[in-house]
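Just so it is clear: chains get the letters A, B, ... in the order the sequence lines come, proteins before strands, and each one is counted from 1. All values below come from the heavy atoms of this structure, side chains included, with hydrogens, waters and symmetry mates left out.
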Protein chains: 2
Amino acid sequence: MIIRAAENIFESLIDEIMAGRMVPGEPLVEQTLAAQFGVSRTPVREALHRLEQARLAERGARRAYVVRRMAPEDLAELFEATGEVESTLAALAANRMSEIERRRLTAVLDEGDACDDPTAYSEINSRFHEIIKSGARNSILAATLDELNLRTVAWRAANFREDSRRLASSRVEHRSITQAIVAQDADATRRLMCSHVASSYMVLADILSRRAP
Amino acid sequence: MIIRAAENIFESLIDEIMAGRMVPGEPLVEQTLAAQFGVSRTPVREALHRLEQARLAERGARRAYVVRRMAPEDLAELFEATGEVESTLAALAANRMSEIERRRLTAVLDEGDACDDPTAYSEINSRFHEIIKSGARNSILAATLDELNLRTVAWRAANFREDSRRLASSRVEHRSITQAIVAQDADATRRLMCSHVASSYMVLADILSRRAP
DNA sequence: TTGTAAGGACATGTATACAAATGGAAGCTA
DNA sequence: TAGCTTCCATTTGTATACATGTCCTTACAA
């Protein structure tokens, strides 16, 4: 093996969960996975431990691993936590971003306005959030946000995509957030970002509740 | 072994780091630790991986583990992140704590005012922060705060204790925070908690910078 | 029928041996 | 001497065998 097997397996399992090919509650048996990946139990074991740390796997009966299940309340907490951390980053960014970064943010915003393809818009949306994250000048909070976002992958899996109505309001929200950042108004930025993230997740929560009541 | 060896070793290593018996940069060799704990490399290996996840260990030369070192800038980021998350929890708690919880918070505050022993005060201080953490009604953010606090253990190690001047201002700050929470003023709570945590860490940072310039 | 205890299947936990990789040191060359 | 190459020591990575623990099944008795 060129690179570490445990690392590959960890990434592969995350991909499987993200793609929805492994659903919450599905067993993750060391022996079975080892056979599938063509390695021994040892690296699989390590990958499963890492999945557990990342809260993507949990222990079921007989200490066996399963893809993590989450009650709706837990999901709500997770969404709230994500929103709060991202809002904090945005508030810090409002105070700390350079003129160049503010211009880049505005540019990405304009690019998003000119884009109608949902897939492309999703990529632009990521860039928007990335700029804010790095503008906050705190890599630890940024990493914390990444970890929280990673935990939602299993729930974003089922080919969730923001519908066009949500896309329109998302544009408006990004616009207000950007204005608050450019005005270096940290409080407004926090408030706006918080409700922006809340709205985004509301749509997802709605879909999930309709599918698994 | 009655309970899991890997778990024991993980806890033990954290204790060693907390106590300052293992200092940043010190090598953590699987073979050596295995011999010390009287087990094989396997559980030690697992414990080290967990330490790495917790950001208490890092990889040095030849992928060997060492107790994590941190540059002063990283430490500043860590303190800021901790303060922001705790402030967020406090702001949520201001909106969500029950009347009973508010009374308990006030009671702990009074207990702290009547206490002059630094060790006892430290314990009361912990209870104060615990009440706020649980009052926020978000276990994920609470766990995030715990994880961030855990990362500072190696830096709190060197029998750091708040001096009496700091203790006096800490009392005053706790009083204002409690008043803001009782008044259910989330914004004021956030602001006060943020500066409270910042002041606490300032003392530690000051000590650290004088010891290792 | 229900409660309980023994046995067994299944999955993880641990021990050990061997493989691989990484950095550094020794030695060679220009 | 500087720079390169080769080799080796050290440490982690992986494979495999065996140990342990937990739950479920089943048999038996009240």
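Using a 4.0 Å heavy-atom cutoff across all strands shown, Leu28(A) reaches sugar-phosphate atoms only and no base atom. Residue-level contact check: Arg62(B) touches the bases, meaning some heavy atom is under 4.0 Å from a base atom.
Of the possible donor and acceptor atoms, one in the side chain of Glu77(A) sits under 3.5 Å from a partner among the backbone N and O of Ser139(B).
With rounding to whole Å, Arg4(B) atom CZ is found 10 Å from dT22(D) atom C1'. Look at OH on Tyr65(B): it is 15 Å from P on dT22(C), rounded to the nearest Å. One can place CG of Leu33(B) at 11 Å from P of dT11(D), the figure rounded to the nearest angstrom. When rounded to the nearest whole Å, the span between CD of Glu30(B) and P of dA15(C) equals 13 Å. Following rounding to the nearest Å, Glu46(A) (CD) and dG13(C) (C1') show an atom-to-atom distance of 15 Å. Regarding His49(A), its NE2 atom lies at a distance of 5 Å from the P atom of dG13(C), rounded to whole Å. Rounded to whole Å, atom P of dA17(C) lies 11 Å from atom CD of Gln31(B). Rounded to whole angstrom, the span from the CG atom of Leu48(B) across to the P atom of dT11(D) amounts to 13 Å.
Both Thr42(B) and Val29(B) lie near DNA chain D, and the one whose nearest nucleotide falls closer to the 5' end is Val29(B). The nearest heavy atom of DNA chain D to Gly60(A) and to Arg45(B) marks one nucleotide each, and the one closer to the 5' end goes with Arg45(B).
Look at Arg41(A) and you won't find any side-chain N or O under 4.0 angstrom from OP1 or OP2 of dT16(D).
Cation-pi geometry between Arg104(A) and Phe128(A) is not met at under 6.0 angstrom from the ring centre and within 45 degrees of the axis.
Side-chain contact check for His196(B) and Tyr201(B): no donor-acceptor pair (N or O, by modelled atom type) lies under 3.5 Å.
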Q: Determine, step by step, whether Tyr65(B) and Glu58(B) satisfy the side chain to side chain donor-acceptor pair (under 3.5 Å) criterion, reporting the C-alpha distance in whole Å, the side-chain angles of both residues, the deciding distance to 0.1 Å, and the verdict.
A: CA-CA 6 Å; Tyr65(B) 286 103; Glu58(B) 64 183 351; over 6 Å; no
